[in-house]
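Notes follow the structure.
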2 protein chains.
Amino acid sequence: MSRPRNTKQRQLILEVLRGTTAHPTADWVYQQVRAVLPNVSLGTIYRNLGVLKEQELIQEVRYPGSQARFDGNPEPHYHFFCLNCDRIEDVPLPFCRDAEEAFRQKLPEYEVMGHNTEFFGLCPDCKDLAERREQ
Amino acid sequence: MSRPRNTKQRQLILEVLRGTTAHPTADWVYQQVRAVLPNVSLGTIYRNLGVLKEQELIQEVRYPGSQARFDGNPEPHYHFFCLNCDRIEDVPLPFCRDAEEAFRQKLPEYEVMGHNTEFFGLCPDCKDLAERREQ
DNA sequence: GTACATGCAAATTATTTGCAACAGG
DNA sequence: CCTGTTGCAAATAATTTGCATGTAC
């Protein structure tokens, strides 16, 4: 276990992630950071995303057919994934752990540490588009 | 929209996935299929996994830090992901759509088509190991 | 001063694709 | 036959790593 340092690269990556709700990819973060530190490398981005994840300051979100996405909010919360435009949004519903409790009751031999839930479907924009196309 | 054919490669890939509960990677499927059809290529595996997904005969499961995994059971159900050994298991709890309904009530401008939930923690084997190590 | 971190580039991993030959319906 | 599919190999995309140098503490 090493103690991570507060490099300006790492601070900036965290700021970038905290400053958006778009759940961006590593490459998007890279572009943003590069606007401030033009010599930063993509390797540094990936290494720091890994460190920040280990420190539980950020989360990684995955969805089939999409590359890794990052979330500056480390608290458990729901995500919505738009099947049409690949957008990921936060869902303003309270995070409910009832299912975890049911799991522990039924299968006590497991250690359940948490769960992720992603809803999927069409975001308002894509739903509108789809409805217009139908007519 | 083209009509897929029943090639022996595709049939076999589906059988392999239906014959395991291990949620294997594309490469594992490749090894299994190759035991029967030695000339099959990995490209064929990936192409067919894509087709089978589109036909909703299989599912793809993703978890941070792990490559794509495939599930021969296309019905919505819960997964458990072991943080220590990367194993994915099915969870024998009834699939509950209450959260989807709550989502629709609160955000009717979205079209919610479903949701995925993965629990995570330690499987029985890894929990035992961890407990023994603690002593 | 001593790790940890960086930039750079090369390496690795995972997945996709072009194409000529093949095969299912 | 016609068109979807295959095997092969090369290409692409995503991510990781080795290493000499730089920098936080």
Side-chain angles (χ1 to χ4, degrees), chain A residues 1-17 22-71 81 86 88, chain B residues 1-17 22-71 81 86 88:
Chain A
M1 296 285 170
S2 54
R3 62 226 70 202
R5 291 176 184 168
N6 283 334
T7 63
K8 56 183 183 304
Q9 288 88 343
R10 186 169 305 145
Q11 282 169 8
L12 188 49
I13 289 167
L14 186 53
E15 274 171 43
V16 164
L17 280 177
H23 306 82
T25 62
D27 200 69
W28 189 91
V29 174
Y30 174 51
Q31 306 301 338
Q32 299 303 113
V33 171
R34 208 153 61 139
V36 180
L37 302 172
N39 293 318
V40 77
S41 79
L42 196 47
T44 294
I45 303 296
Y46 275 105
R47 273 183 294 232
N48 279 309
L49 289 170
V51 172
L52 292 168
K53 242 196 317 174
E54 267 177 43
Q55 301 188 122
E56 299 182 74
L57 293 171
I58 67 172
Q59 293 190 245
E60 182 180 340
V61 187
R62 292 229 118 194
Y63 203 85
S66 161
Q67 56 181 293
R69 312 271 281 262
F70 298 88
D71 188 339
F81 188 90
D86 269 28
I88 297 178
Chain B
M1 294 281 173
S2 54
R3 60 228 71 203
R5 290 175 185 169
N6 284 334
T7 62
K8 55 182 185 303
Q9 288 87 343
R10 186 170 304 146
Q11 281 170 7
L12 188 49
I13 290 167
L14 186 53
E15 274 172 42
V16 163
L17 280 176
H23 306 81
T25 62
D27 200 69
W28 189 92
V29 174
Y30 174 52
Q31 306 302 336
Q32 298 304 112
V33 171
R34 207 152 63 138
V36 180
L37 302 173
N39 293 318
V40 78
S41 79
L42 195 47
T44 294
I45 303 296
Y46 275 105
R47 273 183 294 229
N48 279 308
L49 289 170
V51 172
L52 293 168
K53 242 196 316 175
E54 267 177 43
Q55 301 189 120
E56 299 183 76
L57 293 170
I58 67 172
Q59 292 190 246
E60 182 179 341
V61 188
R62 292 231 118 193
Y63 204 84
S66 160
Q67 56 181 293
R69 312 270 281 261
F70 298 87
D71 188 338
F81 188 90
D86 270 25
I88 297 178

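Since we're looking at a predicted model, the values are computed, not measured. Each chain gets a letter, A, B and so on, in the order its sequence line appears, and its residues count up from 1.
Rounded to an integer number of Å, the gap from A:Leu12 CG to D:dA24 P is 14 Å. Atom CG of A:Leu37 and atom C1' of C:dT6 are 11 Å apart (whole Å). The nearest whole Å value for the distance from the CG atom in A:Asp27 to the P atom in D:dT12 is 17 Å. For the pair B:Tyr30 OH and C:dT13 P, the interatomic distance rounds to 16 Å; values are reported in whole Å. Atom CG of B:Leu42 is separated from atom P of D:dA11 by 17 Å (rounded to the nearest Å). Summarising the geometry, the separation between CG on A:Asn39 and C1' on C:dA5 is reported as 15 Å, rounded to the nearest angstrom. The CZ atom of A:Phe70 sits 12 Å away from the P atom of D:dA14 (whole-angstrom rounding).
Remark: B:Gln31 CD to B:Thr25 OG1 distance equals 8.5 Å, nearest 0.5 Å. Between A:Glu60 atom CD and B:Arg62 atom CZ the span is 9.5 Å, to the nearest 0.5 Å. Taken from CG in A:Leu57 to CD1 in A:Ile13, the straight-line distance is 12.0 Å, to the nearest 0.5 Å. Note that CG of A:Leu49 is 13.0 Å distant from CD of A:Gln59, once rounded to the nearest 0.5 Å. Interatomic distance, B:His23 NE2 to B:Asp71 CG, rounded to the nearest 0.5 Å: 4.0 Å. With rounding to the nearest 0.5 Å, the separation of CD1 in A:Ile88 from CZ in A:Phe70 is 11.0 Å.
Applying the 4.0 Å criterion to OP1 and OP2 of D:dT3, one finds that B:Arg3 has every side-chain N and O outside that range. Listed pair A:Gln67 / C:dA14 fails the phosphate criterion, with no side-chain N or O lying under 4.0 Å from OP1 or OP2.
Counting heavy atoms from C-beta on, the side chains of A:Asp86 and A:Tyr63 never come closer than 4.5 Å.
Note on the helix from C:dG1-D:dC25 to C:dG25-D:dC1: terminal axis deviation equals 50°, with five pairs used at each end and the result rounded to 10°.
Closest approach to the B:Ser2 side chain among D:dC8, D:dT15, D:dG4 is made by D:dG4 (side chain taken as heavy atoms from C-beta onward).
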Exercise. Quick one: what's the B/S/- string for nucleotides 20-25 of chain C, heavy-atom cutoff under 4.0 Å, read 5' to 3'?
Worked result: ---BBS

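Remark: B:Glu54 CD is loosely packed, at most 12 non-hydrogen atoms of other residues, nucleotides or ligands lying under 6.0 Å away.
Exactly one residue among A:Gln11, A:Gln9, A:Arg10 makes a side-chain hydrogen bond (donor to acceptor under 3.5 Å, both in side chains) with A:Asn48. That residue is A:Arg10.
Considering every non-hydrogen atom in both B:Leu42 and B:Ala26, the closest pair reads CD1-O, 4.3 Å. Closest of all the heavy-atom pairs between B:Tyr30 and B:Ser41 is CE1-C, 3.8 Å.
In the region residues 43-65 of chain A, proximity to DNA chain C at under 4.0 angstrom, judged on heavy atoms, holds for A:Thr44, A:Arg47, A:Asn48.
Mapped onto DNA chain D by nearest heavy atom, B:Arg10 and B:Pro38 fall at different nucleotides, with B:Arg10 at the one closer to the 5' end.
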